[in-house]
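Take a look at the structure set out below.
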2 protein chains.
Amino acid sequence: MSQRDFVSAEEVAQRAGVSRSAVSRAFTPGASVSEATRQKVLQAAEELGYQVNHLARGLMRNESGIVCLIVSDVATPYRSALLRELTLQLQLAGKVAMLINTDRSDGSVNTALQQAIRYRADASVILSGLPDKSITQLCLRSGQRLVLINRDEDQSGPLHINLDDREAAARVVTAFVRAGCSRLAFANSEAGTPSLMAREEGFIAAARDHGLEVVVERHGWTGYEAGRVLAQRLLTRKERPDAVFCATDLLACGFMDAARHQFSLSIPQQLCVVGFDDIEQASWSSYRLTTFSQPVAAIAREAVTWLSENGVVQGKSLRLHSDLVWRDSVRGG
Amino acid sequence: MSQRDFVSAEEVAQRAGVSRSAVSRAFTPGASVSEATRQKVLQAAEELGYQVNHLARGLMRNESGIVCLIVSDVATPYRSALLRELTLQLQLAGKVAMLINTDRSDGSVNTALQQAIRYRADASVILSGLPDKSITQLCLRSGQRLVLINRDEDQSGPLHINLDDREAAARVVTAFVRAGCSRLAFANSEAGTPSLMAREEGFIAAARDHGLEVVVERHGWTGYEAGRVLAQRLLTRKERPDAVFCATDLLACGFMDAARHQFSLSIPQQLCVVGFDDIEQASWSSYRLTTFSQPVAAIAREAVTWLSENGVVQGKSLRLHSDLVWRDSVRGG
DNA sequence: GCGCTTATTGCAAGCGTGTGCAAATGCTGC
DNA sequence: GCAGCATTTGCACACGCTTGCAATAAGCGC
């Protein structure tokens, strides 16, 4: 262990010629200190470079100020956008984000939550995977709040934030039929996330309402490469689809690239494509993808306000709306 | 404040019928406990859902296990890739990442570092911006380690990790002349980051060695949109460049899209483009961009091993090599 | 059983902070 | 000057953990 020597409140107190409690109070909003000593303390602190020890404060207050963000595939555009928004909002609310990267194994979310408990995080936000019920129970019992984003699976304690995936999928169908498409396809990943499945099911159901069948393919883990493979599969069918809804923009990008460069199809003339997430790349002029925007800012805002409410809060379930942003990958926008 | 009630070592001790110290030792690798009591403790802990309080442990051990990652523009492909690698390596090393989002204002890195101090982070890794020397001094004096990635600016305490930007830039020049290009341009952002400037200067210098002039344009903050603007500026010159080195892949993507869709230029026939970072999009078939790979994994590994060495460490400066990955945006790869 | 060494155990102090409580200080009106 | 009050201040304990130290238990050769 290296030499660690942070300046403590004691030293500040001595320099300012006051008691240690005065120092503590000077850094506690709303505490009973005269302006005079407050200034003395603040100056001494400034000179010494004192910063309140949040480990100790957290220990006393039983409130660490830490919020744990549990997420896999951080490097993915949608995930990182949500992450940015969350950290931003958290900082604005005076909290700080602890980032835990999970892989796709079941246990990894559990260990992440245990880590959150060890650091006595005020709350955890889960963006990927699903923890065992026993662990969530432990969290709630310990007084740790939980936010589940796009994880469905209603439990009673946590805050659930979901999108209107099914309705969105229905809107895609009407867009496709309005564009004159009839051979619909859905390109999904094998991840089987609730929100992805909701899009798939919603799409199939809405198509059926229009008397249309849907060809579904699933492959890989919601990335660009998977999109290419799905294109390979779907575009080589004898009845080639003329409209495909991709569960994700990343899939859509891969799909479009394969469709154009490998199958020489022109979009939207020969093939209409819709994605989901509205990642930055969807707006790039090589894609100009029609897609649904994830209301990341709203999600983050809802999450942060809920978890910084004081008093005992109860879980609730929010369903946010995702706008269809029209670009050029569907005819007749 | 909500009801917070985590289970403490005391309760575990009671249930296991041992003293509180025994519990502590059972969770401390290498401590002196008999296997029998260790098992008793572990079982009781399991039953109660006990997790060691790392706030308290950090307070005692003077070592929080927290490493602070300070970064702006998290949602950017290169940044998020580096972030992923860092969090991964940190977790492997038994540390946990605290993520602080900075904006581009000068003070924001400073406040971020203060936050790091407040949580008594074992170390901070700075991916964006540059802290005031007074703050870095405070960190080092307090025994907090500092890693600066691609920030140049040699100070003595921290670990510096940089790339061979100048050499890389020189390699681009030779690639361009080998492709028969003669009207070189450099597309940069206004950010003025040391590494970006090193690429610019290296490029100009190497071009001069070949008797070539370079047209330089700078705009915006290293994003796709800025790339489009730069294309606008550079491709409307009477002497239109036939080879452009973009300081960043993101710039390059914007540049390529504008060049193709707006100026109807074909790449690499009429225009050669090289980027930097090797973000995922660079490999997408709409771009197939020749670029330099950032050795993110190596960067993260170096950073984490350095900051988890024990004993007092001294700063050092590492310069890593970035490979040129050849794709199709330059003739004659 | 005894003396010896060695592995375990419990006690208690301490890490840096917040906060209730009582003492002290300042202020007002007379 | 003094009583009466509101505001400030310091003391001391608590938070949950680690760890040095002394005490106890265990093991061993005789």
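So you know, we letter chains A, B, ... as the sequences are listed, proteins then strands, and number each from 1. The structure displayed is predicted, hence computed values, not measured ones.
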Go through [options] for me and flag the one nearest to the [X] side chain.
| X | options | result |
| --- | --- | --- |
| B:S21 | C:dA12, C:dT17, C:dT9 | C:dA12 |
| B:L59 | C:dG16, C:dT17, C:dT19 | C:dG16 |
| B:R25 | C:dT19, C:dC11, C:dG16 | C:dC11 |

Of A:E10 and B:V33, whose nearest nucleotide on DNA chain C comes first from the 5' end?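 Looking at DNA chain C, the more 5' nearest nucleotide goes with B:V33.
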Select from B:R38 and A:S8 the residue whose nearest nucleotide in DNA chain C is closer to the 5' end of that strand.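 The residue closer to the strand's 5' end, by nearest nucleotide, is B:R38.
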Determine whether B:R84 and A:D73 satisfy the following criterion, salt bridge (Lys or Arg N to Asp or Glu O under 4.0 Å), listing intermediate values before the conclusion. CA-CA 8 Å; B:R84 167 169 52 83; A:D73 303 300; over 6 Å; no
For the residue pair A:Q91 and B:L99, what are the closest heavy atoms and their distance?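 Here A:Q91 and B:L99 meet closest at OE1-O, 4.4 Å.
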Roughly how many Å is it from [atom1] in [X] to [atom2] in [N], rounded to a whole number?
| X | N | atom1 | atom2 | result |
| --- | --- | --- | --- | --- |
| B:R61 | D:dG16 | CZ | P | 18 Å |
| B:F27 | D:dG16 | CZ | P | 16 Å |
| B:M60 | D:dC17 | CE | C1' | 7 Å |
| B:N53 | C:dT17 | CG | C1' | 14 Å |
| A:D5 | C:dG16 | CG | C1' | 13 Å |
| A:E63 | D:dC15 | CD | C1' | 14 Å |
| A:N62 | D:dG16 | CG | P | 7 Å |
| A:R20 | C:dG14 | CZ | C1' | 13 Å |

Salt-bridge contact A:E63-B:R4 (side-chain N to carboxylate O under 4.0 Å):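 Result for this pair is no, no salt bridge flagged.
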Report yes if a side-chain nitrogen or oxygen of [X] is closer than 4.0 Å to either non-bridging phosphate oxygen (OP1 or OP2) of [N]; otherwise report no.
| X | N | value |
| --- | --- | --- |
| A:S24 | C:dT19 | no |
| A:Y50 | C:dT17 | yes |
| B:S34 | C:dA7 | no |

Under 6.0 Å between the ring centres of A:Y50 and A:F6?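 Not under 6.0 Å, so no.
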Heavy atoms under 4.0 Å, any strand shown: does A:V23 hit a base, just sugar-phosphate, or nothing?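 No contact.
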Report the distance from atom CD of B:Q51 to atom CZ of A:R118, rounding to the nearest 0.5 Å.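 Rounded to the nearest 0.5 Å, the CD-CZ separation comes out at 4.5 Å.
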